[in-house]
Amino acid sequence: MTLFRLGYVAMSVNVQNASPSQTMTYKRYQQLQDEEAALRKLERISKSNLHNSLRLLKHNKAHGIHFFRLSSKLVPLATHEDFSSWDYLSPIKDELQEIGRFAKENKMRLDFHPDHFVVLNSPKKEIFQTSMKVLKYHYLLLHHMGIDPTHRCVLHLGGKYKDKEASLERLIENWAYIPQGIQKMVMIENDDTSYTLEDCLYVCEKLNVPQIFDQHHHIANHDDSRWQDHWERVVGTWSHSELPVKMHISSPKSDEDYKSHADYIDPVMFLDFVQKANGSTEQIDCMIEAKQKDQALFQLVQQLKEHPNIVMESETTFRWKN
DNA sequence: AGTTGTCAAGTTCGG
DNA sequence: CCGAACTTGACAACT
C-alpha cells in the first residue's frame, strides 16, 4: 500500500507579504547611480526572499506539509553575465544555513525547478553554458543549506529544433560536458509540447536520472495515453535514489485552454492516478502545481477526506484502500 | 487603491 | 523572417 504525500510550489496565498521571489530587474539596476548601494539592495532583497522562504517553511510545518519547491528567484541577477564578480553567497550564508537546518529538523523534502531558460540540449554553446551557470547557482544554494543536492532539480529535456531524435541525442552528448555534481542534481520531467513520457524514460534510463511524471503534461502530450503501462519503468528510475518517487499534479484550466494550470486540483483526475499507481512503490510525493498554491492543497485534502477509499495518515499524507 | 505594461534569459508558432 | 505567445510574479508607472 503506497503512502501518497502532498506538497506545493514556492509561495502561499495564505501567508501575506511573504514573497520568496522579490526582484530587481537588470534595467532597474542600470538606472541606479550608486553601484555599491544597488548591490546592497540586491543583498537586502535576497535576504528578504530567504527570510520569507523560512516563514513559508514554518507555515508548512504548522499545517503538516513536509514537501515543498523553493523559488528559483531567491537571489535576483545572481546568474546574469554582468554579475560574475558579485559574491552573492557570502551575505546570505547564515540565512541559507537556517533554512537547511529547519528543513532537516522537520524532515522536509525541498527542491527546485529552474525555469525554461535552462536548456541542456541547445545547439548553441553559449546557451548550454548559461544553463550550467544557472544550475551551479542552484547547486550552491543547496550546498550552503547543507542539503545533499542529489535529485533536487527538475528539468525538461529541451527543444525539438525540428528534429526531435537528433535533439534528444544531443542532450545525451551534452551530458558528458556537465560536471558530475550537477548531473546528480537533475531529475527530468515530461513536458506538454515536445518530449513525452517515453522520450524522457529513454533518456532517464540511459543517464540514470529519476523521472518526474507530470500527469497533466502526459494527457496533453503523449505517445501512448496509458501511462500505467510505463509506470514500472518510472519507478525503476528512482531505484538508486534516497528519495521517494516524485510526480507533478495539476489540472487543465479549461477545454479550450487545456495546457494552462487551473486554480485548484480536480480530484477525479488525481484519484485516477492514485488508484492506478497504488501499490507500485512505498511512497509517492505529489507536487501540486495550481494557481491557488497551498490553498489548492488544503482544498484537495478536504475532498480526499470525504472519499470512501481514502484513509488519511496525517494532514497531508494518505493511502488508497479498496 | 486599483489597473496596465514591462521585465535577463529560450523556443515555438503564426502571419 | 520577425514578432507574439508561452508563463509568471513582482514592480513601476499610470489612473
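In what follows, every chain begins at residue 1, and chains take the letters A, B, ... in the order their sequences are listed.
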Notebook entry, point to check: Taking 4.0 angstrom as the limit, do E36(A) and R40(A) come out as a salt bridge?
Noted result: yes
Next item on the list: Could you check N60(A) against Y8(A) for side-chain hydrogen bond (donor to acceptor under 3.5 Å, both in side chains), going step by step and ending with a plain yes or no?
Entry: CA-CA 10 Å; N60(A) 292 348; Y8(A) 72 100; 2.5 Å; yes
Item checked: Side-chain H-bond candidate by donor/acceptor type, T196(A) with D199(A), under 3.5 Å -> yes
Note to self: Any side-chain to backbone donor/acceptor pair from N52(A) onto P20(A)? Under 3.5 Å, distance only.
What the structure shows: no
Notebook entry, point to check: Does any pair with a residue in residues 169-179 of chain A pass side-chain hydrogen bond (donor to acceptor under 3.5 Å, both in side chains), and if so which ones, sequence neighbours excluded?
Noted result: E169(A)-Y202(A)
Margin query: With ring pair (Phe, Tyr, Trp, His ring centres under 6.0 Å) as the rule and sequence neighbours excluded, what pairs involving residues 279-300 of chain A come up?
Written below: H63(A)-F298(A)
Check: With a 4.5 Å heavy-atom cut-off, do N278(A) and Q275(A) have their side chains touching?
Finding: no
Note to self: For Watson-Crick and G-U wobble pairs within 3.5 Å on both distances, what is DNA chain B written in dot-bracket notation, | included for inter-strand pairing?
What the structure shows: |||||||..||||||
Check: Does the side-chain hydrogen bond (donor to acceptor under 3.5 Å, both in side chains) test come out yes or no for D294(A) and S12(A), once each step is laid out?
Finding: CA-CA 6 Å; D294(A) 54 338; S12(A) 164; 2.6 Å; yes
Note to self: Rounding to an integer number of angstrom, what distance separates dG2(B) and dT7(C) when you compare their C1' atoms?
What the structure shows: 23 Å
Margin query: In whole Å, measure the gap between the P atoms of dT6(B) and dG3(C) for me.
Written below: 15 Å
Next item on the list: Report yes if some heavy atom in the side chain of C204(A) is under 4.5 Å from a heavy atom in the side chain of R233(A); otherwise report no.
Entry: no
Check: Which residue pairs pass the ring pair (Phe, Tyr, Trp, His ring centres under 6.0 Å) test with at least one member in residues 23-50 of chain A, sequence neighbours excluded?
Finding: Y26(A)-H80(A), Y29(A)-F83(A)
Next item on the list: Using a 4.5 Å cut-off on heavy atoms from C-beta on, say whether the side chain of N221(A) contacts that of Y195(A).
Entry: no
Checklist line | Pairs where residues 30-49 of chain A contributes a residue and the test ring pair (Phe, Tyr, Trp, His ring centres under 6.0 Å) is met, not counting sequence neighbours | finding: none
Notebook entry, point to check: Are the side chains of E289(A) and R69(A) in touch, meaning some heavy atoms are under 4.5 Å apart?
Noted result: yes
Next item on the list: Please step through ring pair (Phe, Tyr, Trp, His ring centres under 6.0 Å) for the pair H218(A) and F213(A), ending with a clear verdict.
Entry: CA-CA 8 Å; H218(A) 176 74; F213(A) 174 62; 5.5 Å; yes
Check: Quick check: are there more than 12 heavy atoms from other residues, nucleotides or ligands sitting under 6.0 Å from CD of E35(A)?
Finding: no
Item checked: Nucleic acid contacts - residues 155-163 of chain A versus DNA chain C, non-hydrogen atoms under 4.0 Å -> none
Next item on the list: For L32(A), check side chain to side chain contact (heavy atoms under 4.5 Å, CB included) against everything at least two apart and list the hits.
Entry: M24(A), A38(A)
Notebook entry, point to check: Quantified in whole Å, what is the P atom distance between nucleotide dA12(C) and nucleotide dA8(B)?
Noted result: 13 Å
Next item on the list: May I ask you to say what K291(A) touches in the nucleic acid, namely base, sugar-phosphate or nothing, with a heavy-atom cut-off under 4.0 Å?
Entry: sugar-phosphate
Item checked: Range on DNA chain C touched by chain A - first to last nucleotide, heavy-atom distance under 4.0 Å -> dT7(C) to dA12(C)
Margin query: Can you confirm whether H59(A) sits close enough to F68(A) that some side-chain heavy atom of one is under 4.5 Å from a side-chain heavy atom of the other?
Written below: no
Next item on the list: Give the first and the last nucleotide of DNA chain B, reading 5' to 3', that has any atom under 4.0 Å from a heavy atom of chain A.
Entry: dC7(B) to dT12(B)
Checklist line | Of residues 117-139 of chain A, the positions that come close to DNA chain B - non-hydrogen atoms, cut-off under 4.0 Å | finding: F117(A), V119(A), S122(A), K124(A), I127(A)
Check: In residues 14-48 of chain A, which ones come under 4.0 Å of DNA chain C, going by heavy atoms?
Finding: S19(A), S21(A), Q22(A), T23(A), R28(A)
Next item on the list: Could you give the distance separating dA4(C) and dG5(B) at their P atoms, to the nearest angstrom?
Entry: 14 Å
Next item on the list: Under the ring pair (Phe, Tyr, Trp, His ring centres under 6.0 Å) rule, collect the residues that match up with F318(A), sequence neighbours excluded.
Entry: F4(A)
